[in-house]
Amino acid sequence: CNVGLVTMAATNPSVRKRKAGSKYQSAKTSMPSNSPAQTPTNASQTPLKGRQREQSNQEQQPQTTADVGRRLFPKPILNIHSTRLRDVYIAVLCLVCILAEAVFLETQLENDRFFSHLTTQEREASLWSEQAMYYSFYKRAVLAYEHGYNDDQVEHHFRNDPLWEHPETIDSLTRFNVDLELKLAKLFIFFKRTWQYFDWPLSMSCFTINRAPPLPPEESCFGWHVPEYFYIRMVYLACGCMIAALIMITYRTTNSIIAASLVPLLAAFNHGEMTRAMWTPALREVTALPLLFWQHYQLIVILPLLRSSQSGLDKAASCLVLSVLTTMALLSWQFTPFVLFTQQAALLATYTFGFMTKRQLLTVTSALLVAMLTTWHYKLYHPSLIANLFVASALATTAMLSLTAPRTFIIRTFSCLLFLATTVAVKFGLDRLVSTTDDSHVFAILFTKFTKQASNFDVQLYVCSPEFDFMRQEYTTLSETGLLPAAIVSLAAVLGVVVTTQFARAQTGNAAAVYLAFQASAYICLAALIMRLKCLMTPMLVVFAAMLVSPRVVGPLFGWLKSSHTKLALHSLLILGMVLGSAWQGVPNLQQTLSTTGEWNNPDLIQMLNFIQNSSPSAVYAGPMPLTAIIATTTNRSVVNHPHYENTQLRLRTKQLYQFSAYRSDAQVHNAVAAYKADHLVLVQSSCFHPAPEECKVRSQYSKDYPTVFCERWLRPQAKSNQMFQIAYRSDQY
């Protein structure tokens with residue numbers, strides 16, 4: 001494999017640079033054989049003055065990172081001349097990684113929960129909190145299709161959903177990002193009917209599970225024909241596609257097979273810091289991340305294409321693919337607009353520092369705006385999709401492009417800061433225009449990160465959760481495998497080009513690498529503030545760590561050496577050192593992951609769910625949000641609150657209901673629950689007596705209107721029914 005794309009030009013006498021006066025500069029330009037400007041193979045045939053004049057023009061050109069790589073590494077380590085062979089290798093590598101990642105994730109899930117030997121009810125209950133909520137849409141859609149309902153009937157039911165916010169019916173398809181669940185349900189029904197049509201044997205195994213008394217034995221199955229297994233396996237295949245996207249991004253940026261081959265190795269050694277899919281398969285980011293990273297790949301494909309001589313149809317088709325991928329990501333994860341804001345900021349920084357043209361930036365921004373408007377239309381013009389940070393940043397970008405392009409480094413940096421300030425101002429203006437505050441809690445969380453005080457009830461629910469804390473131990477974990485140091489060196493080398501080069505039009509050939517560097521920097525900032533977002537940072541660290549073996553990155557690092565053979569030897573040692581250094585701690589990480597075994601077991605929860613299942617179908621339940629999601633999913637009973645917190649009215653409702661965890665009298669809690677026509681209140685021992693700091697307890701956000709906490713009074717064994725509440729069910733935990 002070539003160390004870099006540009007090394008082929010150094011050994012080919014028919015390849016040379018264009019003159020400095022050309023409209024487009026390129027690191028590799030092959031002239032036709034009949035071109036009068038082609039350099040003759042015999043140097044003596046070239047007039048001396050002309051050759052000297054051409055060399056003088058070349059010396060005046062600004063050097064790109066590719067030029068440095070060609071000069072420092074004139075010979076590739078392993079030269080595969082066939083482009084088709086290289087592409088076949090990358091395609092096979094991607095396919096193998098997709099399958100391997102899916103199998104690896106399912107193995108971890110099985111080892112952790114003994115998932116194959118759980119009943120259907122236990123599998124659903126093991127999807128805690130919002131996972132259970134999202135999975136319920138897949139489960140209900142599968143049942144509806146199996147009972148003969150068509151697409152229109154299923155859509156009508158979910159657009160008038162009475163399950164989640166009793167007594168109101170809500171448009172679940174607009175409020176929640178559950179389009180994937182409906183598509184997977186249709187795909188599962190198609191899979192089953194195709195299997196039945198050809199009369200193939202069922203891909204499933206069944207057996208009887210003996211559970212501890214008083215739970216009776218129950219039959220359980222696993223395989224592709226089991227709805228929950230089909231769902232999880234399709235999600236895990238999507239996670240494998242993210243590894244393939246990282247390989248393609250690395251290969252496209254470096255044109256190095258060695259760098260692309262390092263990606264799956266580094267991802268495996270740092271797997272626990274890159275994804276939580278093995279524990280949380282139904283979270284929104286699990287399926288959105290593959291789409292986002294394929295969108296990043298499509299973006300770095302478009303950037304050079306827009307400056308090429310390709311037809312307008314090819315460019316339009318590439319922009320359409322970018323819009324489709326962006327739309328799918330927006331439909332998959334409610335946080336996608338914030339990710340697109342960081343992308344817009346990275347693109348503007350790439351343009352501001354001279355690595356993109358105005359036309360490139362406007363074209364990409366237009367494609368992203370088309371995706372946002374398409375999603376807004378599909379979601380029936382939900383205000384949060386038009387008043388978000390990405391739309392504000394796109395408008396701010398348009399305003400910035402109307403100004404004169406800055407020329408000095410300081411002014412360029414100031415322009416980026418001005419862009420951020422303009423984006424925030426436009427964002428608050430859009431909120432006022434469409435009268436929405438659905439994402440106000442996000443800004444409150446960020447504000448709390450710097451003030452160290454939970455400003456309100458909603459913020460406290462987030463900042464006291466470990467997932468939303470600052471990153472701490474993760475820095476050590478990523479450094480032990482060498483991923484973080486290698487990525488920082490690679491990132492610094494790319495960003496060093498931004499600082500040291502002359503900002504000429506010739507530098508637009510580096511747009512992809514510089515954009516990725518700015519994008520990675522934004523992801524690092526997000527992950528540092530909110531640990532849960534390390535799922536965005538770690539894949540980018542993998543890409544940049546793999547890029548370190550590319551001459552486009554390491555070329556400037558070896559510039560002080562004169563011997564090309566010494567540089568080549570050091571480069572080979574760098575590759576070997578990265579592999580061995582990562583494996584030193586990465587292999588033990590893998591061994592520990594695969595050797596971890598456990599079993600999901602919560603008989604108290606299952607017994608309570610069985611009680612609810614056998615109770616009145618019209619009963620309505622209130623309680624802690626993670627538990628109400630499981631109740632609605634496993635028993636199909638209506639609840640009054642749920643864990644999807646991206647709605648202002650739901651946040652007000654939750655604060656009203658959570659008075660059961662505060663110093664409140666029975667009458668106060670009864671009035672709060674009865675206001676939403678709930679007839680059952682579920683109390684949980686672990687959440688009421690949670691050993692958390694006082695500032696992280698829910699009761700700290702309420703006034704002390706009563707001597708004791710409501711849930712603590714009623715969870716004591718001596719509690720008895722009264723006129724306000726009657727005890728319908730009691731166990732050690734519920």
Side-chain angles (χ1 to χ4, degrees), residues 88 91-127 131-132 134-155 157-158 178-210 217-244 277-278 281-282 286-287 290-291 294 328 332 600 633-634 636:
V88 168
V92 172
L93 179 64
C94 290
L95 181 60
V96 170
C97 288
I98 290 173
L99 299 177
E101 175 73 356
V103 172
F104 184 54
L105 289 172
E106 186 176 343
T107 301
Q108 287 184 276
L109 179 67
E110 176 67 18
N111 291 347
D112 180 65
R113 301 179 187 174
F114 208 11
F115 201 71
S116 61
H117 285 65
L118 298 180
T119 65
T120 299
Q121 184 187 48
E122 290 172 335
R123 290 170 183 167
E124 294 171 356
S126 69
L127 299 175
Q131 291 186 83
Y134 297 132
Y135 175 79
S136 71
F137 290 93
Y138 168 78
K139 173 187 175 181
R140 293 158 65 195
V142 167
L143 292 175
Y145 286 125
E146 287 180 340
H147 285 82
Y149 290 93
N150 57 33
D151 292 344
D152 292 337
Q153 292 172 317
V154 173
E155 181 180 353
H157 173 73
F158 286 126
V178 293
D179 298 273
L180 172 69
E181 277 66 25
L182 269 62
K183 299 299 185 294
L184 285 180
K186 293 180 64 176
L187 185 60
F188 175 71
I189 296 300
F190 174 78
F191 170 77
K192 285 186 62 176
R193 290 174 180 173
T194 303
W195 220 264
Q196 294 171 358
Y197 178 81
F198 290 103
D199 198 21
W200 292 334
L202 295 179
S203 177
M204 60 188 296
S205 301
C206 298
F207 39 78
T208 300
I209 300 175
N210 294 316
E218 188 170 335
E219 186 183 57
S220 180
C221 301
F222 72 94
W224 280 100
H225 280 80
V226 180
E228 53 267 28
Y229 260 89
F230 183 88
Y231 177 86
I232 287 175
R233 286 177 173 176
M234 294 301 294
V235 169
Y236 286 165
L237 284 173
C239 294
C241 292
M242 186 182 76
I243 305 297
M278 52 281 196
V286 171
T287 51
L291 295 168
W294 275 107
M328 294 171 65
S332 300
W600 191 89
T633 300
T634 58
N636 202 35

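Positions are given from 1, in the same order as the sequence printed here.
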Donor-acceptor under 3.5 Å (Y135 side chain, Y231 main chain)
no
Rounded to the nearest 0.5 Å, how far does CE of M278 lie from CG of N111?
12.0 Å
Roughly how far, to the nearest 0.5 Å, is the CD atom of E106 from the CZ atom of R233?
4.0 Å
Report yes or no: does E122 contribute a side-chain atom to a donor-acceptor pair with the main-chain N or O of T119 at less than 3.5 Å?
yes
Taking the side chain as every heavy atom from C-beta outward, state whether L237 and C241 have any atom pair closer than 4.5 Å.
no
Measuring only between side-chain heavy atoms, which start at C-beta, is L187 closer than 4.5 Å to M234?
yes
Shortest non-hydrogen contact between C206 and E219, atoms and distance
CB-OE2, 4.2 Å
If you round to the nearest 0.5 Å, how far is OG of S332 from CG of D179?
7.5 Å
Find out whether the Lys NZ or Arg CZ of R140 is both under 6.0 angstrom from the six-membered ring centre of Y138 and within 45° of the ring's axis.
no
Minimum heavy-atom separation for H117 to R123, with atom names?
N-NH2, 4.5 Å
Quick one: does F137's side chain get under 4.5 Å of F158's, heavy atoms only?
yes
Considering only heavy atoms from C-beta outward, does the side chain of Q131 approach that of P281 to under 4.5 Å?
yes
Expected output: side-chain E110 to main-chain S116 donor-acceptor under 3.5 Å:
yes
Kindly give the heavy-atom pair with the smallest separation between A141 and A185, and that separation in Å.
CB-CB, 3.5 Å
Plane angle bin for F191 and W195 - parallel if under 30°, tilted between 30 and 60°, otherwise perpendicular
tilted
Closest contact, heavy atoms only, T633 versus E124
O-OE1, 4.0 Å
Should N150 and Y145 be marked as a side-chain hydrogen bond (donor to acceptor under 3.5 Å, both in side chains) after you check the CA-CA gap, both sets of side-chain angles, and the distance that decides it?
CA-CA 7 Å; N150 57 33; Y145 286 125; over 6 Å; no
Point-to-point distance, once rounded to the nearest 0.5 Å, from CG of L105 to CG of L109:
9.0 Å
Quick one: are I189 and E146 in side-chain contact, heavy atoms under 4.5 Å?
yes
Side chains of S126 and F115: closer than 4.5 Å at any heavy-atom pair?
yes
To the nearest 0.5 Å, what is the distance between OH (Y134) and OG1 (T287)?
10.0 Å
CA sep, side-chain torsions, deciding dist, call: T208, E218, side-chain hydrogen bond (donor to acceptor under 3.5 Å, both in side chains)
CA-CA 6 Å; T208 300; E218 188 170 335; over 6 Å; no
Of the non-hydrogen atoms in A125 and T634, which two are nearest, and what is the gap between them?
N-CG2, 4.2 Å
Would you check if F230 and M204 make a side-chain contact, meaning some heavy-atom pair closer than 4.5 Å?
no
Show your working on side chain to side chain contact (heavy atoms under 4.5 Å, CB included) between L180 and M328 and close with a plain yes or no.
CA-CA 9 Å; L180 172 69; M328 294 171 65; over 6 Å; no
With side chain to side chain contact (heavy atoms under 4.5 Å, CB included) as the test, would you mind laying out the steps for H157 and V154 before giving the verdict?
CA-CA 5 Å; H157 173 73; V154 173; 5.8 Å; no
Within a strict 4.5 Å, meaning less than it, do heavy atoms of the C239 and I98 side chains meet?
no
From CG (L184) to CD1 (I232), nearest 0.5 Å
11.5 Å
Using 30° and 60° as the class limits, which term best fits the ring planes of F222 and F207: parallel, tilted or perpendicular?
tilted
Among all residues two or more places apart in sequence or in another chain, which pass the side chain to side chain donor-acceptor pair (under 3.5 Å) test with Q153?
none
Which residues share a salt bridge (charged side-chain N to carboxylate O under 4.0 Å, His left out) with E101, sequence neighbours left out:
none
So which atom in A132 and which in L127 form the shortest heavy-atom distance, rounded to 0.1 Å?
CB-O, 2.8 Å
